[in-house]
Amino acid sequence: MLIGLLTAIAASICYGTGSVLQAVGSRRAARSSPAAAGVTQHGGPNLASTAKAAMTWEFIVGTILDFVGFGLGALAARLLPLFLSQTVISANLVITAVLSVKMLGLRLSRKEWTSIGVVCGALVLLATAAGDEGSGHTPISTHWWLLAVTVLIIVGGTVAVRLLGARAAILAGLLSGLGFGALGVGVRVLNGIDPFDLGALLTDPALYAILLAGTGGMYLHTVALQIGSVNGATAALVVGETVLPGAIGVLWLGDASRAGFAWLAVLGFVLAVAGAVAVAWFGKHEADPAQSAEPEQHAVPVA
């Protein structure tokens, strides 16, 4: 349990730091571009603008940290119940918020700090209540369903941001979170890991769900960072990354709390999600200093 918790915390730090660095790179790339460049007719970022943001050194370092976080998060998902591992990893919201003060020049309100405190307290409750993780053994049909749902999330999210533009910021964050949640579920149910069997691994649809969820989730999160609040987008990601995977872990994968502590696990889970939603709500009107200095670009996605 302790090794799993430390692994999840390390993954959270990597993801949180990576998110802020990616936001810094995205916004720096935007300031070097004409206001109307790199957007679709609906005001959303096109692939070229996203690729330009990805070429900044901050974004590259942030992406490397994301990959490290991915590996650590995958290990945590095998060692802990999903409702605990995914929630601890989602606490990267706290890292994101704190670092955004220094690196993005944002100022957090008392309500935002209070909400962050609620998330931290909820994680303590969850860690106290968590029991053993389930086996993760599921019928192969479940793996196919996981792949199908992952395709729907990623394709649907990509279409939505191109059609809705800046209005899709929170939606993109939420769908990226659902993608990362699907990744966590896929890691738990993946065949051919223990004992290792390359044939079983390569023929498991869950493997391809993991690959699609990881790359698609990163793309949607990048877009969310481009067109909206870094804290709001990350908080929406938290909701998608925790609620559904946590429920799947309990209902289908055998995850459980310690005997007599189910109420504490439920309380901690609800408080963690509520705190994340509160950060998204209170932080949705935050403005990047560069954008506030140039109000005519406020509605243009940062790329």
Side-chain angles (χ1 to χ4, degrees), residues 8 11-20 22-23 62-63 65-67 69-70 72-74 76-77 82-97 115-116 119 122-123 126 146 149-161 164 167-188 209-249 269-281 283-284:
S12 178
I13 293 172
C14 288
Y15 278 136
T17 306
S19 291
V20 176
Q22 288 169 339
T63 301
L65 286 174
D66 278 344
F67 278 111
F70 167 78
L72 293 171
L82 280 177
F83 69 82
L84 178 58
S85 66
Q86 294 301 110
T87 308
V88 173
I89 292 171
S90 298
N92 66 73
L93 171 66
V94 177
I95 307 298
T96 299
S115 301
I116 289 171
V119 173
L123 294 179
L126 278 170
L146 178 64
V149 171
T150 301
V151 171
L152 182 62
I153 290 171
I154 301 304
V155 173
T158 302
V159 172
V161 295
L164 298 178
R167 293 174 295 171
I170 297 299
L171 176 62
L174 177 63
L175 292 177
S176 68
L178 289 175
F180 290 132
L183 187 154
V185 174
V187 168
R188 170 65 74 80
I210 290 170
L211 296 176
L212 178 60
T215 55
M218 287 180 65
Y219 168 72
L220 290 176
H221 189 211
T222 300
V223 172
L225 293 175
Q226 289 179 284
I227 62 181
S229 154
V230 59
N231 288 332
T234 305
L237 181 148
V238 165
V239 175
E241 192 176 22
T242 54
V243 176
L244 192 58
I248 290 174
F269 189 82
V270 170
L271 286 176
V273 175
V277 172
V279 173
W281 177 260
K284 68 178 181 177

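For reference, positions follow the sequence shown, starting with 1.
T17 is linked by a side-chain contact (heavy atoms from CB on, under 4.5 Å) to I13, L21, L65, I95, L99, counting only residues two or more places apart in sequence or in another chain. Scored by the side-chain contact (heavy atoms from CB on, under 4.5 Å) test, V151 finds L147, V155, L212 as partners (sequence neighbours excluded). Checked against side-chain contact (heavy atoms from CB on, under 4.5 Å), A74 has the following partners two or more places apart in sequence or in another chain: V187. With sequence neighbours left out, the side-chain contact (heavy atoms from CB on, under 4.5 Å) criterion links S115 to A278, V279, F282. Shown here are the side chain to side chain donor-acceptor pair (under 3.5 Å) partners of E241, two or more places apart in sequence or in another chain: S90.
For the atom pair CG of L126 and CD of Q86, the computed distance is 12.0 Å after rounding to the nearest 0.5 Å. Separating the CG atom in L183 from the CZ atom in R188 is a distance of 13.0 Å, to the nearest 0.5 Å.
A182 and A213 get closest at one heavy-atom pair: CB-CB, 4.4 Å. G240 and P245 get closest at one heavy-atom pair: O-CD, 3.7 Å. The minimum heavy-atom distance between G217 and I154, with the atom names listed, is N-CD1, 3.7 Å. Closest approach of A8 and V88 over heavy atoms only: CB-CG1, 3.5 Å. Nearest approach of G73 to A11, heavy atoms of both residues: N-CB, 3.7 Å.
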Trace of the side-chain contact (heavy atoms from CB on, under 4.5 Å) decision for C14 with L72: CA-CA 9 Å; C14 288; L72 293 171; 4.3 Å; yes
Under 3.5 Å, side-chain donor or acceptor atoms of residues 172-180 against the rest of the protein: list the pairs with distances, not counting sequence neighbours.
unit_1 : atom_1 : unit_2 : atom_2 : d
S176   : OG     : A172   : O      : 3.3
S176   : OG     : G173   : O      : 2.7

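Looking at F70 and I210, their side chains come closer than 4.5 Å, going by heavy atoms from C-beta outward.
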